[in-house]
There are 2 protein chains.
Amino acid sequence: MSVQERKERERAARERLIVATARELAEQQGWDAVTTRRLAERIEYSQPVLYSHFRGKREIIGAVALEGAAEMAAALRAATSAANGPRARVTALARTYLDFAERNPAVYDAMFQLDGGLAFAVDDTPEPLKDGFAALLESLGEVAGDGVHPGLFTEVFWAALHGLATLTRAGRLPPAEAERRVELLVDRLTLV
Amino acid sequence: MSVQERKERERAARERLIVATARELAEQQGWDAVTTRRLAERIEYSQPVLYSHFRGKREIIGAVALEGAAEMAAALRAATSAANGPRARVTALARTYLDFAERNPAVYDAMFQLDGGLAFAVDDTPEPLKDGFAALLESLGEVAGDGVHPGLFTEVFWAALHGLATLTRAGRLPPAEAERRVELLVDRLTLV
DNA sequence: CTCAGTTGTCTAGCGGTGCTAGGCTCGGGT
DNA sequence: ACCCGAGCCTAGCACCGCTAGACAACTGAG
């Protein structure tokens, strides 16, 4: 039976290699450069091997997105747990979110711009995505204000962060004033 | 000279036809379905004709985006001019913005999600785009609050709207509570 | 009225894409 | 020792954006 186990381990390792390589290639040259041929060449296998792990390119993007969601959730929790008081936590959260988006543009795209075939905001949403939202909710729920549903508030705050992240990166907003926009957003949206 | 003028008119008409057809096809079946072949077939010309009007597909997307920006600016101005008082204007603005994004998803994508080769937030930004931002600024500048730069406030508010629009349409936010999110956003961000 | 030249359009094709059918090789179980 | 199936690759499909080059039609000069 050990042979089979070894094969499964190797298979799992190769799957991680595919996802890591796709992510790396996307960060280096953008998602347009992540073609099945190039990806296959980089992992030193032929194209069809990719399809024995994933249904298609979309699923590979989805796998990168899930990896990114887990990382982002961890980053957000690390930042907020190091801050004192609700207000400071929210500021740290916002900065960390935008920082993550700026430092990992390809991963951020996989999560929110591209079609990775992932289900959001429904029952069978993958765990990392739910957990990412939960990480936001933990800090933002504190400052929603009385009578405001924490989930709804989190959605609105998140949408604002997402808008800032995407518009800035797409050149729709000048990057110079980014920090002042964050301050304004936190100032206005949070109570306390 | 009249012959030349007629040809120019026909040429301009055909260019409008290309843009209108691209937009229609994108709204019907998504931008993925807007291929140069299909587009050429719909306008009943061969592919190369497209390239005598536009440098490439990107420019066609850009043309749809400009058309959309002009329409959106007009819609925003119509909505805000019909509302009484700064606060009501902002609410009307937000609703109209999100409504436009929902009703014209392909056009909204052309404006803000896809690469239409357009320059934003710089000197040689095309007029319709500047005007769209101006339409936002007219109503939002009123409620920025003392000491807050109207342009900066407009950028933040716009980012929030953009985030709501894109996340909702991508299935990242449940559509049911959309109206309550707008109310919350306007409540918190606007002073007065 | 003829004819050269320009203008406009088309056919055909290049190099790329995501994806898959079918054959080959090689290792494991009997 | 042999057979068989898993695993991988080569080759190819249909499509993509884009373009070179041939051809037709119209313009304007003689």
Side-chain angles (χ1 to χ4, degrees), chain A residues 1-19 21-23 25-26 28-65 106 109-110 113-118, chain B residues 1-19 21-23 25-26 28-65 106 109-110 114-117:
Chain A
M1 290 303 108
S2 178
V3 169
Q4 200 176 352
E5 286 172 11
R6 190 203 73 224
K7 288 200 174 180
E8 278 174 24
R9 273 202 314 277
E10 288 173 354
R11 202 182 145 72
R14 195 172 61 181
E15 188 157 317
R16 285 194 301 275
L17 177 64
I18 292 172
V19 176
T21 306
R23 176 177 175 167
L25 192 50
Q28 284 172 358
Q29 305 177 229
W31 277 106
D32 279 353
V34 183
T35 69
T36 55
R37 280 177 234 280
R38 258 194 284 263
L39 185 50
E41 197 193 3
R42 281 228 185 176
I43 64 167
E44 296 180 311
Y45 282 95
S46 67
Q47 277 179 286
V49 167
L50 300 174
Y51 292 86
S52 73
H53 288 271
F54 301 95
R55 278 180 203 276
K57 191 181 172 180
R58 165 187 305 206
E59 269 196 9
I60 297 177
I61 294 172
V64 172
D109 281 345
Q113 301 271 56
L114 303 175
D115 181 9
L118 301 175
Chain B
M1 290 302 109
S2 179
V3 169
Q4 198 176 354
E5 286 172 12
R6 191 203 70 225
K7 289 200 173 181
E8 277 175 23
R9 272 200 316 274
E10 288 173 354
R11 203 181 145 72
R14 195 172 61 180
E15 189 156 317
R16 284 194 302 274
L17 176 65
I18 292 172
V19 176
T21 305
R23 176 176 178 170
L25 192 50
Q28 284 172 357
Q29 306 178 227
W31 277 106
D32 279 353
V34 183
T35 69
T36 54
R37 281 174 234 278
R38 260 195 282 262
L39 185 51
E41 198 193 2
R42 282 229 185 174
I43 64 168
E44 296 179 312
Y45 283 95
S46 66
Q47 278 178 285
V49 166
L50 300 174
Y51 292 85
S52 74
H53 288 270
F54 301 95
R55 277 178 202 278
K57 191 182 171 180
R58 164 186 305 205
E59 268 196 11
I60 297 177
I61 295 173
V64 172
D109 280 345
L114 302 175
D115 180 10

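Every heavy atom of this structure was used, including side-chain atoms; hydrogens, water molecules and symmetry mates were not. Every chain is numbered from 1, with letters handed out A, B, ... down the list of sequences. What you see is a predicted model, and the numbers here were worked out from it, not measured in a lab.
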For [N], does either OP1 or OP2 sit under 4.0 Å from a side-chain N or O belonging to [X]?
X	N	value
A/Thr36	C/dC19	no
B/Arg14	C/dG8	no
B/Arg55	D/dC18	no
B/Thr35	D/dC16	yes

Nearest-neighbour nucleotide for the [X] side chain, [options] considered:
X	options	value
A/Lys7	D/dG7, C/dC10, D/dC8	D/dG7
A/Arg37	D/dG17, C/dC10, C/dG18	C/dG18
A/Ser46	D/dG17, D/dC8, C/dG18	D/dC8
A/Pro48	C/dA21, C/dG18, C/dC10	C/dA21

Could you state the [atom1]-[atom2] distance from [X] to [N], rounded to the nearest angstrom?
X	N	atom1	atom2	result
B/Arg58	D/dG17	CZ	P	13 Å
B/Arg11	D/dC26	CZ	C1'	17 Å
A/Trp31	C/dG18	CH2	P	11 Å

Inset, instruction - With the side chain counted from C-beta on, respond yes when A/Ile18 and A/Tyr45 share a heavy-atom pair under 4.5 Å apart, and no when they do not. - result: no
Inset, instruction - Hey, could you give me the CD/CD1 distance between A/Gln113 and A/Ile61, rounded to the nearest 0.5 Å? - result: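 Reported to 0.5 Å precision, the distance equals 12.0 Å.
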Legend entry - From NE2 (B/His53) to CD (B/Glu59), nearest 0.5 Å: 12.0 Å
Inset, instruction - Name the nucleic acid region contacted by A/Arg38, choosing base, sugar-phosphate or nothing; use a 4.0 angstrom heavy-atom cut-off, strictly under. - result: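 Sugar-phosphate contact only.
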Legend entry - Shortest non-hydrogen contact between A/Ala65 and A/Ala110, atoms and distance: CB-O, 3.5 Å
Legend entry - Polar pair under 3.5 Å, donor/acceptor by atom type, side chain B/Gln47, base D/dC18: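 Per atom types, the contact qualifies.
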